[in-house]
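Working notes, beginning with the structure itself.
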Amino acid sequence: MAYVDFTGDPMLAVQAGSVETAAVPRTGLSALEWSVVALAQHDRLSSLREPGRVSVALGRVFGTRRGSPHLADPQLEALRRMAVLSWHRGFAVPVHELKTFLRAGFSTDQYETIVASIGTARSRNHARG
């Protein structure tokens, strides 16, 4: 079978930069991101709140300052917050947290992947007793 070479035809030539390629959304997570999701299993919902004035004052007086559970990277912190909520509530997360997660650069496909993975892990843990 022969193929026709159309590269020299000016009618069919594609101008450089005229073809746009659609960005394919990521559905998976990196190893670092999966480790954040796994570690979030042990975080309490209270780790999502800022400490109150009394808690901060008692920490200063008695020197019981614990390290902040918040991550330094804003994108990973958004992932951690979503993972903590998902470990405790499944798909029932506040809309503003989902918006923050999406603004951090994650996609809805990634969110669904995370919650599905957490749901599978929760059902395995529940079956073990």
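Because the structure is predicted, anything quoted here is derived from the model rather than measured.
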Please set out all donor-acceptor pairs under 3.5 angstrom arising from side-chain atoms of residues 99-106, sequence neighbours excluded.
residue, atom, partner, partner atom, Å
Thr100, OG1, His96, O, 2.9
Thr100, OG1, Arg103, NH2, 3.4

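- Among residue pairs with one or both ends in residues 81-95, those qualifying as side-chain hydrogen bond (donor to acceptor under 3.5 Å, both in side chains) are Arg81-Glu97; sequence neighbours excluded.
- Looking at Leu85 and Leu45, their side chains come closer than 4.5 Å, going by heavy atoms from C-beta outward.
- Here Ser123 pairs with nothing under the side-chain contact (heavy atoms from CB on, under 4.5 Å) rule; sequence neighbours left out.
- Transitive grouping of hydrophobic side chains (ILVMFWY, heavy atoms separated by less than 4.5 Å) keeps Val37 and Leu39 in distinct clusters.
- The CD atom of Glu33 sits 6.0 Å away from the CD atom of Gln75 when rounded to the nearest 0.5 Å.
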With a cut-off of 3.5 Å and sequence neighbours excluded, list every side-chain donor-acceptor pair involving residues 112-119.
residue, atom, partner, partner atom, Å
Thr113, OG1, Thr27, O, 3.2
Thr113, OG1, Asp109, O, 2.8

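- Linking Ile, Leu, Val, Met, Phe, Trp and Tyr residues whenever their side-chain heavy atoms come within less than 4.5 Å leaves Val95 and Val84 in two separate clusters.
- Looking only at side-chain heavy atoms (C-beta outward), Asp73 and Leu79 stay at 4.5 Å or farther from each other.
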